[in-house]
Amino acid sequence: MSLRERFTQELKVAMLAKDAARTSTIRMIMAKLKDTDIAARPSGVDQVPEEQIVAMLRSMVKSRRESVEMYTQGNRPELAEKEGAEIAVIESFLPRQMDEAAMQAAVAEAVAESGASSVKDMGKVMAVLKAKHAATLDMAKAGPMVKAALNG
């Protein structure tokens with residue numbers, strides 16, 4: 001089942017369950033997806049591919065995490081809690097992320113495959129990681145791991 005179909009299906013389930021928070025979050029996701037589709041039209045794309053939808057969801061999670069941090073600093077726990085609930089709903093549509101051990105193994109494999117020998121080759125390793133594990137690997141966490149692997 002594609003992500004678009006899952007959004008529609010989950011929206012129906014949330015509406016029938018009268019889950020207002022989940023319903024509004026899924027509607028927000030669908031609105032953002034529609035905006036993304038519209039923005040892609042000039043390049044001749046009618047609907048963005050799954051990878052771009054995953055990237056859109058990740059950016060939504062990232063912005064909400066920043067909001068949670070700001071609300072926590074501003075002593076607004078109720079708003080931080082609302083953003084946290086939205087993060088949980090959005091992350092339910094994202095593919096499972098690799099754990100620490102799997103990330104280390106993927107980095108070691110990418111270093112070997114790219115033939116990298118120093119930090120200068122970090123771009124090659126990151127390109128291999130992105131090509132193979134873009135959906136399941138947090139690239140922000142992978143960067144320091146690659147650097148450590150190439151320095152070590």
Side-chain angles (χ1 to χ4, degrees), residues 1-14 19 21-22 24-73 80-152:
M1 180 185 303
S2 75
L3 276 173
R4 289 174 192 276
E5 293 166 347
R6 276 188 61 204
F7 295 148
T8 306
Q9 188 104 15
E10 292 289 326
L11 179 62
K12 289 176 187 173
V13 171
D19 186 346
R22 189 168 176 80
S24 71
T25 303
I26 295 171
R27 282 185 173 148
M28 183 175 31
I29 291 169
M30 292 173 80
K32 177 79 171 163
L33 179 57
K34 190 170 187 168
D35 287 346
T36 305
D37 284 340
I38 290 169
R41 283 185 188 156
S43 61
V45 178
D46 202 29
Q47 289 187 333
V48 293
E50 291 274 320
E51 306 86 54
Q52 216 166 333
I53 296 173
V54 169
M56 176 200 77
L57 292 173
R58 284 220 169 87
S59 73
M60 290 176 77
V61 168
K62 182 180 178 190
S63 70
R64 274 157 189 74
R65 284 209 171 103
E66 291 168 358
S67 297
V68 166
E69 198 174 302
M70 301 273 282
Y71 289 142
T72 304
Q73 288 173 0
E81 192 176 306
K82 179 182 179 287
E83 294 286 324
E86 288 179 1
I87 290 171
V89 172
I90 296 167
E91 283 183 335
S92 72
F93 293 105
L94 288 170
R96 277 269 172 259
Q97 293 291 301
M98 284 185 183
D99 63 354
E100 199 76 20
M103 282 178 69
Q104 291 285 4
V107 166
E109 181 185 319
V111 168
E113 185 178 319
S114 66
S117 57
S118 70
V119 180
K120 291 179 182 176
D121 301 323
M122 190 168 165
K124 292 178 188 175
V125 178
M126 293 300 280
V128 169
L129 284 173
K130 191 169 188 171
K132 286 189 169 185
H133 307 288
T136 58
L137 183 73
D138 185 350
M139 297 307 279
K141 290 180 183 173
M145 285 185 175
V146 170
K147 195 175 236 178
L150 293 175
N151 280 335

From CD (Gln9) to CD (Glu5), nearest 0.5 Å:
8.5 Å
Nearest heavy atoms of Ile29 and Met56, plus distance in Å:
O-CE, 4.1 Å
Would Asp19 and Val13 count as a side chain to side chain contact (heavy atoms under 4.5 Å, CB included) here? Give the steps.
CA-CA 9 Å; Asp19 186 346; Val13 171; over 6 Å; no
Beyond-backbone contact of Val128 with Val111, side-chain heavy atoms, under 4.5 angstrom:
no
Closest contact, heavy atoms only, Val125 versus Ala110:
CG1-CB, 3.9 Å
Any salt bridge between Glu86 and Lys82, counting N to O under 4.0 Å?
yes
Looking at Lys32, Gln47, Gln52, Arg4, which one forms a side-chain hydrogen bond (donor to acceptor under 3.5 Å, both in side chains) with Asp37?
Arg4
Who passes salt bridge (charged side-chain N to carboxylate O under 4.0 Å, His left out) against Asp121, sequence neighbours left out?
Lys124
If you look at every heavy atom in Ser24 and Ala21, which pair is closest and at what distance?
OG-O, 3.0 Å
From Met98 CE over to Met103 CE, what is the distance, rounded to the nearest 0.5 angstrom?
8.0 Å
Taking side chain as C-beta onward, heavy atoms only, is Leu150 less than 4.5 Å from Lys120?
no
Looking at Arg64 and Glu91, is there a salt bridge between them, counting it only when a charged N and a carboxylate O are closer than 4.0 Å?
no
Ile90 and Leu57 have their tightest heavy-atom pair at CG2-O, 3.6 Å
Within the 4.5 Å heavy-atom criterion, are Ile38 and Arg41 side-chain neighbours or not?
yes
Would you indicate whether the side-chain heavy atoms of Ile53 and Phe93 approach each other to under 4.5 Å?
no
Do you know which two heavy atoms are closest between Pro42 and Ala39, and how far apart they sit?
CD-O, 3.3 Å
Apply side chain to side chain contact (heavy atoms under 4.5 Å, CB included) to residues Leu3 and Phe7 and explain how you reach the verdict.
CA-CA 6 Å; Leu3 276 173; Phe7 295 148; 4.3 Å; yes
At what distance, to the nearest 0.5 angstrom, does CE of Met60 lie from CE of Met28?
5.0 Å
Spell out, as yes or no, whether a donor-acceptor pair under 3.5 Å connects the side chain of Glu50 to the backbone of Ser2.
no
Distance, nearest 0.5 Å, that separates CE of Met122 from NZ of Lys147:
5.5 Å
Please step through side chain to side chain contact (heavy atoms under 4.5 Å, CB included) for the pair Lys34 and Met30, ending with a clear verdict.
CA-CA 6 Å; Lys34 190 170 187 168; Met30 292 173 80; over 6 Å; no
Could you pull out the closest heavy-atom pair between Ala80 and Val68, with the gap in Å?
O-CG2, 3.6 Å
From Ser92 atom OG to Ile87 atom CD1, the distance as rounded to the nearest 0.5 Å:
12.5 Å
When you look at CE of Met70, are more than 12 heavy atoms from neighbouring residues, nucleotides or ligands closer to it than 6.0 Å?
no
What distance do Ser67 atom OG and Lys62 atom NZ have between them, rounded to the nearest 0.5 Å?
12.0 Å
